[in-house]
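Side chains included, hydrogens not; waters and symmetry mates left out as well; all remaining heavy atoms used. For reference, positions follow the sequence shown, starting with 1. Everything numeric here is computed off the predicted structure, so don't read it as measured data.
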Amino acid sequence: MIQPVLSMTDWENLLERSHQYPIFFLKHSTQCPISAKAHAQFLQSREEMTDQSIGFFMVKVIEDRPVSLAIADATGIQHASPQVMLIKNGMVKWHASHFEITVANMLEAYEKEL
C-alpha cells in the first residue's frame, strides 16, 4: 500500500518509521506524464520488493505543495517532480528524479542499503 503524506506531521512520522525499516518516498505530480511513468515504476517496485516491511509513501506535489516544498527544505534536496527518495534511519540514502526512477534503479538502491 502506498501511504499519502499530507502534512509535516506525516513526514515526521515517516522519518521516525524509517528507523525501524527503510522507506521509499515519491514526490508525484498528478498532471505530468513523466510523473505518471515514475508513479507506475514506483508501484511496480512495491510489487517486486521481496522485503514486505519496506514502506512506500507519496506526496502529491500540486495538491500538497506546501508539504512538498517543506520536505525539500528539510532534506536539503532540491525539489523535483517526479522524485523518489530512499530513507533509512531518518536520512535520505538515495534519490532520483524523472527518467532515473525505474524499478531496476530502486531495487539496486535498496540492495545497497541492506
Would you name the heavy atoms of Ser81 and Ser29 that are closest together and state the gap between them?
OG-CB, 3.3 Å

Write down the atom of Pro22, the atom of Ile54, and the distance for their closest heavy-atom approach.
O-CG1, 3.1 Å

Atom CG of Asp64 and atom CD1 of Ile62: how far apart are they, to the nearest 0.5 Å?
10.5 Å

Please report the C-alpha distance between Leu26 and Phe24 in whole Å, then the side-chain angles of each, then the deciding distance to 0.1 Å, and finally whether the side-chain contact (heavy atoms from CB on, under 4.5 Å) criterion is met.
CA-CA 7 Å; Leu26 175 68; Phe24 275 111; over 6 Å; no

For the pair His79 and Arg65, evaluate side-chain contact (heavy atoms from CB on, under 4.5 Å) and give the outcome as yes or no after the intermediate values.
CA-CA 11 Å; His79 170 76; Arg65 188 153 192 80; 4.3 Å; yes

For Met91, is the CE atom crowded, meaning more than 12 foreign heavy atoms sit under 6.0 Å from it?
no

Should Lys60 and Val5 be marked as a side-chain contact (heavy atoms from CB on, under 4.5 Å) after you check the CA-CA gap, both sets of side-chain angles, and the distance that decides it?
CA-CA 8 Å; Lys60 293 179 180 177; Val5 174; over 6 Å; no

Phe25 and His95, any side-chain heavy atoms less than 4.5 Å apart
no

In the single-linkage hydrophobic clustering (I, L, V, M, F, W, Y; side-chain heavy atoms under 4.5 Å), do Ile23 and Ile71 co-cluster?
yes

Tell me whether Lys93 at atom NZ has more than 12 heavy atoms from other residues, nucleotides or ligands lying less than 6.0 Å away.
yes

Side-chain (His28) to main-chain (Pro82) donor-acceptor, under 3.5 angstrom
no

Would you say that more than 12 heavy atoms from the other residues, nucleotides or ligands in this model lie under 6.0 Å from the CD of Gln52, or not?
yes

With hydrophobic residues grouped by side-chain heavy-atom distances under 4.5 Å, do Val59 and Met85 end up in a single group?
yes

Can you tell me how far the CD atom of Glu12 sits from the CZ atom of Arg17, to the nearest 0.5 Å?
13.0 Å

Has the side chain of Ser97 got a donor or acceptor atom that lies under 3.5 Å from a matching backbone atom of Gln83?
no

If Ile, Leu, Val, Met, Phe, Trp and Tyr residues are connected whenever their side-chain heavy atoms lie under 4.5 Å apart, and connections chain through other members, are Phe57 and Trp11 in the same group?
yes

Looking at every non-hydrogen atom in both residues, tell me the closest pair between Lys27 and Ser68 and how far apart they are.
NZ-O, 3.0 Å

Is there a donor in the side chain of Tyr21 and an acceptor in the side chain of Asp51, or the other way round, less than 3.5 Å apart?
no

Please check if Met8 and Leu15 belong to a single hydrophobic cluster, counting links between Ile, Leu, Val, Met, Phe, Trp and Tyr side chain heavy atoms closer than 4.5 Å.
yes

Count I, L, V, M, F, W, Y as connected when their side-chain heavy atoms are under 4.5 Å apart, and connections chain through other members. Are Val103 and Phe42 then in the same cluster?
yes

Return the minimal non-hydrogen interatomic distance between Leu86 and Ala109, and the atom names on each side.
CD2-O, 3.6 Å

What about Tyr110 and Trp94, are their ring centers closer than 6.0 Å?
no

Heavy atoms only: give me the nearest Ile101-Gln41 pair and the separation to one decimal.
O-CG, 3.5 Å

Going from CZ on Arg46 to CG on Leu43, what distance comes out if it is rounded to the nearest 0.5 angstrom?
10.5 Å

Worked check of side-chain contact (heavy atoms from CB on, under 4.5 Å) between Met58 and His39
CA-CA 9 Å; Met58 176 179 70; His39 184 258; 3.5 Å; yes

